[in-house]
Amino acid sequence: MHAYRTHTCAALNQSAVGQSVRLSGWVHNKRDHGGVLFVDLRDHYGITQIVADSDSPALPVLEKLKLESVVTIDGDVKARAPEAVNPNLPTGGIEVFAREVTIQSRAEELPLIVNSAEDYPEETRLKYRFVDLRRERVHNNIILRSKVISSLRQRMIAQGFNEFQTPILGASSPEGARDYLVPSRLHPGRFYALPQAPQMFKQLLMVAGFDRYFQIAPCFRDEDLRADRSPEFYQLDFEMSFVTQEDVFQAIEPVLAGVFEEFSGGKTVTPAGTFPRIPYREAMLKYGSDKPDLRNPIEIADVTEFFGNSGFGIFDSIVSRGGVIRAIPAPNTSEMSRKFFDEMNDWAKREGFAGLGYANARGNQGPIEEFAFNFWNGDADQSISGLVIDGVPAQQRIADEGANKDSVLGFLKGPIARHLAPAEQAKLLKKLGCKPGDSIFFAAGKEKDAAKLAGAARTRTAEILGLIEENCFKFCWIVDFPMYEYDEDAKKVDFSHNPFSMPQGEMEALETQDPLDILAWQYDIVCNGYELSSGAIRNHRPDIMYKAFEVAGYTKADVDENFSGMIEAFKLGAPPHGGSAPGIDRIVMLLADEPNIREVIAFPLNQRAQDLMMGAPSQVSPRQLRDVHIRTVEAPKEG
RNA sequence: GCGGGUGUAGCUCAGUUGGUUAGAGUAUCGGCCUGUCACGCCGAGGGUCGCGGGUUCGAGUCCCGUCACUCGCGCCA
């Protein structure tokens, strides 16, 4: 008989009744009835109930044993009485009567309880990650991760991609994120950098003629963390030769849609081949973000045209200084309390914005859209007959109150609305697609700021109102990123994203167009508001590369000095190529429905990039520092 | 670097307007219990209330500072 087990804790069922078996696992839970003791024995595969009665020598041993101790049980499989069957347990039809128990490892009192779904502070969980990982939810997440990676690999290989490893110890690169540095022992004063991504190497693999490469690649970035950002993470890094942007899309959409369909657990997935393509500028306008969550039905609109001479001072002056006004429709909220709108405004201020204005559309009972359209076209009197405002027909109000026609016909309430003539209000509602009873939030400022506030308000509004569609994964491509942007601080044009992307229009565009109008063959994949990947058709032409850098104010010497390896390679025969790199941790995070990337990493660093279990980063001995020619400046702290 | 939240028993949390000896659940220890599967019942131990300072007759509670964790902003092509 095997030293530890004849079966796993998930393997036994009715067909094993009568067998003599040996099981090993952790004491998941105990129920001690004095004369009879039940133990839930757990391993990776499942749970089997062990029974020890007063005849069993195992009873006194198991009785004293703490939870999470590891034991080997010798016993006999018995069928449970019908009333004792546990339908919630796959092995619930049987139990193992213990004849003997061997203690493999005694557990002391636990810092967190394995057999509970209770939430523990992350500090505790990470310090005792090996215990935390025994718990069902995290254990399943890590298994899911393994399956997702396996599936991604198979799907890539099936498409003819070859998996290669690229160096971990590389050269530091001047652009991009901060590098993790590794000092060199053999070369005093010099440093390796851990890769932020295998960018250079995958392009060189294309130059080397390998045509289709991929890698489950570890990446490192020494920047501050977020819930969806870890300093070390994995990407499905891939690159292809002789391809257009369209070819890259067609290669990766089936992989992502496929793996999401495989593991989504029934949630709907945007089908491969139908990922919407949203130009960057459109995304910034309609969603206030370059990673829009398309589960959110709200669409932002630009309403700058309604202000400037409206008499609403703040907005008018923002517009006159070149700013913009963005409107965020909030469905069915016009009857919400003042508090709702005030709290949105307070929230915007807390987020560092000037504030968030609002207006409410009256709860008209008439066909407001049709009326608004007619009104706007000077055809109002004709349709007033059908219009009811706040329960009173519009014509009657005009007659009864002798009211000013404009005030009666106003569609919008609130401090901003007072400054817009009814015809303007109608146009505005029409533009936003608002219905009676909706409200509108206004975000004003410089274009970048207003878009950002509008985007944040769009998300918050939908979350508060419960408008985010559930049980779906909505993918899209963000395309047509601008090649350059104006850097306010440096007062010059600079690359807006990756300097190695091919500009759309290539050399001709660089020579003839306003740099701020040039688009790049660069694209992101976004799913449910998370940026899953970033990619591009690369610039493989030295002449275009020098020109692209020249536009941003860099000399040929600058390029040669910083990127000589790549440039030299491109001078010796480089195929047109492009690729992308979906983030694996974020994919698993979405599939596991976890709000935090650390939930899908077996041993994650905490929010301050520390390993609380192993104590990284740690101090090293003076000898080690001497070896790598490092002298620290600040007095080391204890710990 | 900046802003929000949290910090009370091993663990999860409660703690009122500043007022007696800081509570509960769970875990641990002891006792009882032969059919539980969140077993049940009885009892016990367990606290620098994150840390430092201040106000007060009196501070877990109010004020100032500070630390840790976390979420967001900056940052992350």
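It should be emphasised that the depicted structure is a prediction, and the values quoted were computed from it without experimental measurement. Lettering of chains follows the sequences in order, A, B, ..., and the numbering in each one begins at 1.
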* **Pair listing, salt bridge (charged side-chain N to carboxylate O under 4.0 Å, His left out) test, anchored in residues 514-536 of chain A, at least two apart** =>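 Sorted pair list comes back empty.
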
Sequence-distant partners of [X], side-chain hydrogen bond (donor to acceptor under 3.5 Å, both in side chains), two or more places apart:
X        : value
A:Gln610 : A:Asn606
A:Asp224 : none
A:Ser116 : none

* Kindly write out the residues that satisfy salt bridge (charged side-chain N to carboxylate O under 4.0 Å, His left out) with A:Asp40, not counting sequence neighbours, or none if the list is empty. =>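 Result, salt bridge (charged side-chain N to carboxylate O under 4.0 Å, His left out) vs A:Asp40: A:Arg31.
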
* salt bridge (charged side-chain N to carboxylate O under 4.0 Å, His left out) against A:Arg326, all qualifying residues, sequence neighbours excluded ->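 A:Asp302, A:Glu447.
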
* To do: May I ask you to check whether over 12 heavy atoms, not counting those of A:Glu282, lie within 6.0 Å of atom CD?
  =>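 Atom CD in A:Glu282 is crowded, with more than 12 foreign heavy atoms closer than 6.0 Å.
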
* Does A:Lys492 NZ have over 12 foreign heavy atoms under 6.0 Å away? ->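 Enclosed: over 12 neighbouring heavy atoms sit under 6.0 Å from NZ of A:Lys492.
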
* **Whole angstrom value for the distance that separates C1' of B:U28 from CD of A:Glu68** =>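 After rounding, the gap between these two atoms is 15 Å.
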
* **Check ion pair A:Lys66-A:Glu108 (N to O, under 4.0 angstrom)** =>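 Looking at A:Lys66 and A:Glu108, the cut-off is not met.
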
* A:Lys446 bridged to A:Asp449 by N-O distance under 4.0 Å ->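 Between A:Asp449 and A:Lys446 there is no salt bridge, as every charged N stays at least 4.0 Å from the carboxylate O atoms.
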
At under 4.0 Å between heavy atoms, which parts of [range] does protein reach? Answer with one letter per nucleotide, 5' to 3': B base, S sugar-phosphate only, - none.
range                        : value
nucleotides 34-40 of chain B : BBBBSB-
nucleotides 71-77 of chain B : BSBBBBB
nucleotides 3-13 of chain B  : -------BSS-

* **A:Phe214 ring center within less than 6.0 Å of A:Phe238 ring center** =>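 A:Phe238 vs A:Phe214: aromatic centres not under 6.0 Å.
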
Distances for protein N or O near nucleotides 42-51 of chain B N or O, under 3.5 Å:
none

* Structure fact -> A correct dot-bracket answer for RNA chain B, with pairs being Watson-Crick or G-U at under 3.5 Å, [ ] for crossing pairs and | for inter-strand pairs, is (((((((..((((.....[...)))).(((((.......))))).....(((((..]....))))))))))))....

* Tell me, please, which residues at least two apart from A:Ile168 pass side-chain contact (heavy atoms from CB on, under 4.5 Å). =>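 A:Leu194, A:Pro195, A:Pro218.
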
* For A:Asn606, which contact category applies under a 4.0 Å heavy-atom criterion: base, sugar-phosphate, or nothing? ->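 Answer is sugar-phosphate: A:Asn606 comes under 4.0 Å of backbone atoms only.
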
